[in-house]
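Just so it is clear: chains get the letters A, B, ... in the order the sequence lines come, proteins before strands, and each one is counted from 1.
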Amino acid sequence: MNLIKELNWRGMLQDIMPGTEDQLNKEMTTAYVGFDPTADSLHIGSLVPILLLVHLQKAGHKPIALVGGATGMVGDPSGKSEERNMLSEEELNKNIIGVRSQLEKFLNFDASLPNAAELTNNYDWFKGISFLDFIRDAGKHITVNYMMAKDSVKKRLEGDSGMSFTEFTYQLVQGYDFYWLYKNKNCKLQMGGSDQWGNIVTGTELIRRKTGGEAFAFTCPLIKKADGGKFGKTEKGNIWLDANKTTPYQFYQFWLNASDSDAATWIKIFTFLQETEINSLIANHDANPADRILQKKLAEELTRFVHGDAELEKAKETTEKLFSNAKASVDSLSVEDLESIEGIVKTNYSADKINAGVDILSFLAENSIFESKGAARKMLQNGGVSINREKITDLQMMVEKNNLLHNKFILIQVGKKNNFLITVA
RNA sequence: GGGCAGUUACCAGAGUGGCCAAAUGGGGCGGACUGUAAAUCCGCUGUCUUUCGACUUCGGUGGUUCGAAUCCACCACUGCCCA
């Protein structure tokens with residue numbers, strides 16, 4: 001199956017420029033995706049563009065991952081209703097390093113391959129270009145009328161927050177990237193999220209006008225939740241690919257919590273499973289949705305892809321301990337079980353205080369489970385806190401020695417899904 | 001440089017002298033129901049606090065007043081229009 005057909009059945013194609021498929025069938029094609037260094041780690045929103053590159057490489061083409069050191073300084077207005085904050089240079093550099101190291105895990109950079117992946121940073125070429133050079137070499141070829149017709153620009157002009165010249169220029173800067181890669185690396189294809197379509201087309205246009213050459217593009221749909229909510233956000237913020245920011249257990253849980261309809265869409269997009277296997281998984285899932293076959297498979301495949309087998313196993317173990325017997329008494333958890341739980345928030349607490357007895361509110365606040373006693377009280381009153389799997393409603397409760405599991409642990413749940421393990425020593 | 005409009009909590013957006021910690025909607029969190037789902041219903045959503053209460057908020061600073069998100073002055077920022 002060729003790349004385009006593959007991406008198409010997976011639901012990963014949104015717009016495609018005519019001739020792209022022919023180009024890919026004709027020869028090994030170099031293609032790129034740009035990543036914004038807005039943080040020092042990528043989050044799962046970047047996973048789809050990464051997967052585009054992986055699929056591309058699997059199909060025998062050459063992927064380039066571009067880290068936007070220069071474009072990050074400008075700020076992409078696409079999808080933003082307001083001017084973005086600018087990042088300082090140190091921040092940007094730190095972020096670029098973080099993002100690079102993550103991309104390296106997903107693509108094959110083995111230089112002996114004809115289609116070895118490459119990493120570039122557009123700051124490398126932009127730093128040598130003066131403003132005057134740029135407006136003569138790039139700006140001359142694109143009319144303002146053309147740039148204003150772009151959706152990302154139009155929306156901002158119609159809105160009431162305006163748009164700075166800097167942001168307006170963004171599409172031209174990104175367009176120049178494509179031109180530069182086309183000229184210097186024979187890169188003929190750009191991919192990205194569908195919000196990038198306008199920027200990408202500016203690039204192909206610039207290439208056509210400056211060189212007379214032809215360049216191609218396609219985009220993938222932006223991932224949304226079926227209920228319209230933002231993808232990849234939880235109460236704790238983004239789901240990051242960095243295990244230090246989002247533990248593999250939390251990562252696994254995120255996918256496990258997908259709704260049925262999302263799971264069916266996402267499993268095609270985020271895993272490399274074949275069509276027949278996916279169809280049978282969906283059929284099995286529909287037969288008995290409560291088993292959440294799709295969610296489990298999705299979570300498993302992705303956690304392995306991002307964090308590896310060992311971390312996946314630990315994430316599954318922790319999930320097993322915390323959820324599979326959620327209604328059983330805590331006694332079913334052995335010392336070993338508790339000691340080996342990974343990925344949830346753990347804190348230590350002084351044994352002396354427990355021996356003396358602590359009131360529940362202070363206890364919860366002192367362990368940073370809540371920011372203050374007031375917050376803890378509200379949650380308690382709402383029935384949202386369990387200690388050792390027993391719902392606590394008594395605000396006066398004292399936490400004492402007999403609350404310890406195996407003489408050293410206290411398991412706290414806030415809501416159904418937030419677990420905290422406190423070790424008392 | 002000139003004219004006009006605006007700046008309220010996470011977002012949108014009411015409030016034009018006391019009953020305002022500030023309507024309403026969205027979002028978020030928690031609960032019930034479930035399948036760690038969806039939909040629905042209920043509660044919470046400025047901070048701290050032994051539910052009393054205290055403190056800090058309506059762009060900023062100063063003023064009028066017993067009392068200001070609300071009135072006045074100046075400043076800052078944003079948008080639109082004119083030059």
Among the nucleotides U50(B), U36(B), G35(B), whichever has the atom closest to the side chain of R377(A) is U50(B)

Side-chain contact check for S259(A): nearest option of A37(B), G30(B), U51(B) is A37(B)

Next on the checklist: Do the side chains of E300(A) and K296(A) get close enough for a salt bridge, i.e. N-O under 4.0 angstrom?
Outcome noted: no

**Item:** NZ/NE/NH1/NH2 to OD/OE distance under 4.0 Å, K5(A) and E275(A)
**Value:** no

With rounding to whole Å, what would you report as the distance between [N] and [M] at their [atom1] atoms?
N      : M      : atom1 : value
G67(B) : G43(B) : C1'   : 34 Å
U45(B) : C81(B) : P     : 43 Å
C48(B) : C4(B)  : P     : 44 Å
G27(B) : A39(B) : P     : 10 Å
C19(B) : C10(B) : C1'   : 28 Å
A73(B) : A68(B) : C1'   : 15 Å
A38(B) : G30(B) : P     : 12 Å
C74(B) : A12(B) : P     : 29 Å

_Distance below 4.0 Å between S372(A) side-chain N/O and U49(B) OP1 or OP2_ = yes

Check your understanding: Between N418(A) and G30(B), does any side-chain N or O lie under 4.0 Å from OP1 or OP2?
Key -> yes

**OP:** Assign the ring pair Y349(A) / F363(A) to parallel, tilted or perpendicular, where the plane angle (0 to 90°) is split at 30° and 60°.
**Re:** perpendicular

Query - Base U36(B) paired with Q253(A) side chain (donor-acceptor, <3.5 Å) - result: yes

* Would you kindly check whether a donor in the side chain of D291(A) faces an acceptor in the base of G35(B), or vice versa, at under 3.5 angstrom? => no

From [atom1] of [X] over to [atom2] of [N], roughly how many Å is that when rounded to an integer?
X       : N      : atom1 : atom2 : answer
W255(A) : G35(B) : CH2   : P     : 25 Å
D262(A) : A38(B) : CG    : C1'   : 10 Å
K378(A) : C42(B) : NZ    : P     : 21 Å
F323(A) : U36(B) : CZ    : C1'   : 5 Å
K373(A) : G53(B) : NZ    : C1'   : 16 Å
K416(A) : G31(B) : NZ    : P     : 7 Å
E371(A) : C29(B) : CD    : P     : 15 Å
F251(A) : U36(B) : CZ    : P     : 22 Å

When rounded to the nearest 0.5 Å, the distance separating CD of E400(A) from CG of D359(A) is 11.0 Å

Value for CZ (F218(A)) from CG (L52(A)), rounded to nearest 0.5 Å, stands at 5.5 Å

side-chain contact (heavy atoms from CB on, under 4.5 Å) test vs F270(A) passes for just one of L298(A), T265(A), I44(A), namely L298(A)

With a 3.5 angstrom cut-off on both distances, give the Watson-Crick or G-U wobble partner of [N], or none if there isn't one.
N      : answer
U57(B) : none
G62(B) : C72(B)
C4(B)  : G79(B)
U40(B) : A32(B)

Taking any heavy-atom pair under 4.0 Å as a contact, classify S261(A): base, sugar-phosphate, or nothing. nothing

Base, sugar-phosphate, or nothing: which does K391(A) touch, judged by heavy atoms less than 4.0 Å apart?
-> sugar-phosphate

The residue, D227(A) or G383(A), whose nearest nucleotide of RNA chain B is more 5′ is G383(A)

Between Q396(A) and V385(A), the residue closer to the 5' end of RNA chain B by nearest nucleotide is V385(A)

### Query
Y176(A) and Y179(A): aromatic ring centres closer than 6.0 Å?
yes

